[in-house]
A.B. asks: 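Dropping a structure here in C-alpha cells format, bear with me for questions.
In this text the structure is predicted, and so the values were computed from the model without any measurement. Just so it is clear: chains get the letters A, B, ... in the order the sequence lines come, proteins before strands, and each one is counted from 1.
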Protein chains: 2
Amino acid sequence: MKPKDTEAEILKAAEQEFMLRGFDGAKTASIARAAGVTHAMLHYYFRTKEQLFERILTDKMNLMGRSVLTAFGNPGLPLLERLKDGISRHFDFLVENPDLPRFIINEVFSRPERYEIMRKGVSRIIDKLMQNVQQELDSMAAQDEIVPVDVRMLMLDVVSLNIFPFITYPMIKPLLGDIAADRERFFEQRKAENIEVIMRRIKK
Amino acid sequence: MKPKDTEAEILKAAEQEFMLRGFDGAKTASIARAAGVTHAMLHYYFRTKEQLFERILTDKMNLMGRSVLTAFGNPGLPLLERLKDGISRHFDFLVENPDLPRFIINEVFSRPERYEIMRKGVSRIIDKLMQNVQQELDSMAAQDEIVPVDVRMLMLDVVSLNIFPFITYPMIKPLLGDIAADRERFFEQRKAENIEVIMRRIKK
DNA sequence: GTTTGTATTAACAAAATTGTTAGTCGATAT
DNA sequence: ATATCGACTAACAATTTTGTTAATACAAAC
C-alpha cells in the first residue's frame with residue numbers, strides 16, 4: 001500500500017542505470033534489481049522501457065537547460081562580475097552533476113528528434129538572456145571597456161571550457177598526471193582557469 | 001577467392017555502425033547487412049562482436065592520439081606560430097573526423113580499462129611534447145613576452161574549445177540559429193575564435 | 001583427377017531481453 | 001463479511017541478438 005515508494009525506487013534506479021549506460025546499455029532487469037522489485041513492476045508503472053526512459057530524459061534535459069539560465073540570470077551585478085559569477089555557478093552545477101552533459105549529448109546524438117523536448121522548454125528564455133547580455137557587451141565595447149564580441153561565441157567558449165573536463169575526466173586523468181590526480185583540487189583549478197580564459201577573451 | 005575484400009567490407013561497415021551507435025547500440029546483423037554478407041561471416045573473420053569492436057576501437061584511438069601529436073609536433077616555428085598552427089591543424093582534423101571524439105569518450109567512459117590501449121601508445125610521446133612546449137613557454141615568460149602558464153592547462157583549453165562544438169553540434173545548431181545554420185561556415189568561425197581565445201590567454 | 005584448404009551459407013541453438021497475464025494478497029469501503 | 005481495487009509476483013511468451021555447425025562450392029596444389 002505504498003505506491004509512491006516503489007515507483008520512486010524504480011525512478012531512482014532507472015536514473016542511475018540510464019545515466020551510466022545510456023538507453024541501449026541499460027537493461028530493465030538491472031534497473032529492477034537495483035530498485036529491489038521484479039521487472040514486471042517496471043512495466044506495471046511505466047508500460048515500456050522507452051516510456052521510463054523518456055521520463056528520465058525529460059527531467060535531465062530540463063535540469064540541464066535551467067542550469068545555464070540560473071547560473072547566468074543573475075541581475076544587479078556589473079557585466080564582468082555577472083559573467084564570472086555565471087561561469088563559477090555553472091561549473092559548480094557540473095561538479096554536482098558530472099555525468100549529465102555526456103548523457104544528454106549521447107542521447108540527442110543517437111536520436112536528434114529528442115532534442116525538441118528541450119528546445120521547446122528553454123530556447124525562448126535563453127534567446128532572451130543572450131539578447132540582454134549582447135546588449136551589455138555592445139555598450140561596454142562602445143565605451144572601449146572590452147573588445148567587441150558575439151555573445152553566442154562567448155557562451156560557447158564558456159560551456160566548452162566548463163563541460164569538457166567533466167566528460168573526459170576518465171581519459172585526461174592518466175594523461176595529466178599529478179595535476180589531475182586529486183579530482184576535487186583539479187576541478188577547483190579548472191574553474192579558475194576557465195574564468196581567467198574568458199576574462200582575457202574580452203578585456204582590452 | 002577474395003578474402004581481403006569481404007573482410008575489408010565488414011570492417012568498413014563495422015566502423016560506421018560502431019561510430020554511429022556505439023558498442024551497445026550496434027547490432028551484428030546490421031553490420032553484416034551493410035557489408036552485404038551473412039552475419040556468420042562476421043564471426044568467421046572476427047569470432048565475436050567484442051573482438052571486431054576492439055579492432056575498430058584500437059584503430060580509432062591511435063588515430064585520435066596521433067592527431068594531437070601531428071598537429072602540434074611541428075618544429076621550426078616560433079612558439080606562438082606553432083601554437084596557432086597546431087590549433088588549426090587539430091581543428092581541421094576534427095572537421096574530417098567529427099564523430100571520433102564522441103565515440104571514444106563514450107566507450108572509454110563505459111569501460112575505462114579500454115583506455116590502456118591508447119595510453120600505452122601515445123602517453124610517452126605526448127609527455128615529451130608537453131615538456132618541450134612547457135620549456136618554451138617558461139623561457140618566453142621569463143622574458144616577459146607572455147604570461148606564465150601551465151602547458152597542461154593550456155592544452156586542455158585547446159582541446160576543450162576545439163572538440164566541444166563537434167560533439168554538441170546537433171544540440172547547439174538549433175540554439176545558435178543563423179550563426180550555426182551553415183555548418184562549414186560556422187566551423188570556420190569557430191576555428192578563428194579558438195585561436196583568438198588561446199592567443200589572448202597567453203599574451204601580455 | 002583427387003585432395004586440400006579456404007570462403008561462404010543456411011539452418012540451428014542458446015542466451016538475453018522485453019513484454020504479458022493470470023492470479024494472489026491485503027487494505028478499504030460498503 | 002464481502003466486494004472491490006490497486007499493488008504485486010511468478011511464470012510464461014515473443015522477439016532479438018549473438019554465436020555455432022554441418023554442408024557446399026570452388027580454387028589451387030599435388
A.B. asks: Taking the minimum atom-to-atom distance to the side chain of B:Ala40, which one of D:dA10, C:dT9, D:dC8 wins?
C.D. replies: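 Comparing D:dA10, C:dT9, D:dC8 against the side chain of B:Ala40, the answer is C:dT9.
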A.B. asks: From the options D:dC8, D:dT18, C:dT8, select the nucleotide whose nearest atom is closest to the side chain of B:Lys49.
C.D. replies: D:dT18
A.B. asks: For DNA chain C, which residues in residues 20-35 of chain A have a heavy atom at a distance below 4.0 Å?
C.D. replies: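 Nucleic-acid contacts, sorted: A:Ala26, A:Lys27, A:Thr28.
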A.B. asks: Under 4.0 Å between a side-chain N/O of B:Tyr44 and OP1 or OP2 of C:dA7, yes or no?
C.D. replies: yes
A.B. asks: Check this for me, if you would: do A:Asp127 and A:Arg152 make a salt bridge, where the nitrogen-to-carboxylate-oxygen distance has to be below 4.0 angstrom?
C.D. replies: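 Looking at A:Arg152 together with A:Asp127, the answer is no, because their closest N to O distance does not fall below 4.0 Å.
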A.B. asks: Could you tell me how far apart A:Ile10 (CD1) and D:dT9 (P) are, to the nearest whole angstrom?
C.D. replies: 10 Å
A.B. asks: Out of A:Asn106, A:Thr168, A:Asp99, which one pairs with B:Phe109 under the side-chain contact (heavy atoms from CB on, under 4.5 Å) rule?
C.D. replies: A:Asp99
A.B. asks: Mind checking side-chain hydrogen bond (donor to acceptor under 3.5 Å, both in side chains) for B:Arg114 and listing every partner two or more places apart, or none if nothing turns up?
C.D. replies: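 B:Glu107.
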A.B. asks: Closest approach to the side chain of B:Thr6, judged atom by atom: which nucleotide of D:dT20, C:dT8, D:dT9 is it?
C.D. replies: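 When the side chain of B:Thr6 is considered, C:dT8 is the closest of D:dT20, C:dT8, D:dT9.
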A.B. asks: In terms of side-chain heavy atoms of B:His43, which of D:dT21, D:dG19, C:dA7 is nearest?
C.D. replies: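 Among the listed nucleotides, the one closest to the side chain of B:His43 is D:dG19.
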A.B. asks: Starting at atom CD of B:Glu50, determine the distance to atom P of D:dG19, rounded to an integer number of angstrom.
C.D. replies: 9 Å
A.B. asks: Would you mind reading off the distance between A:Glu9 atom CD and D:dA7 atom P, rounded to a whole angstrom?
C.D. replies: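 My rounded result for the distance is 16 Å.
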A.B. asks: Listed by chain and number, what are the side-chain contact (heavy atoms from CB on, under 4.5 Å) partners of A:Asn62, not counting sequence neighbours?
C.D. replies: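 A:Asn62 satisfies side-chain contact (heavy atoms from CB on, under 4.5 Å) with A:Thr58, A:Arg66 once adjacent residues are dropped.
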A.B. asks: Atom CE of A:Met41 and atom P of D:dA7: how far apart are they, to the nearest Å?
C.D. replies: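 Answer to the nearest Å: 8 Å.
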A.B. asks: From C:dA10, D:dG19, C:dG19, pick the nucleotide closest to the side chain of B:His39?
C.D. replies: D:dG19
A.B. asks: Residues in ring-ring contact (aromatic ring centres under 6.0 Å, His included) with B:Tyr115, at least two apart?
C.D. replies: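 Expected list: none.
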A.B. asks: For residues 72-85 of chain A, which residue pairs pass the salt bridge (Lys or Arg N to Asp or Glu O under 4.0 Å) check, not counting sequence neighbours?
C.D. replies: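 Only A:Glu81-A:Lys84, A:Arg82-A:Glu136, A:Asp85-A:Arg89 qualify under salt bridge (Lys or Arg N to Asp or Glu O under 4.0 Å).
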A.B. asks: Rounding to a whole Å, what distance do you find between B:Phe53:CZ and D:dG19:C1'?
C.D. replies: 19 Å
A.B. asks: What residues, two or more places apart in sequence or in another chain, satisfy ring-ring contact (aromatic ring centres under 6.0 Å, His included) together with B:Phe91?
C.D. replies: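 ring-ring contact (aromatic ring centres under 6.0 Å, His included) list for B:Phe91, sorted by chain: B:Phe166.
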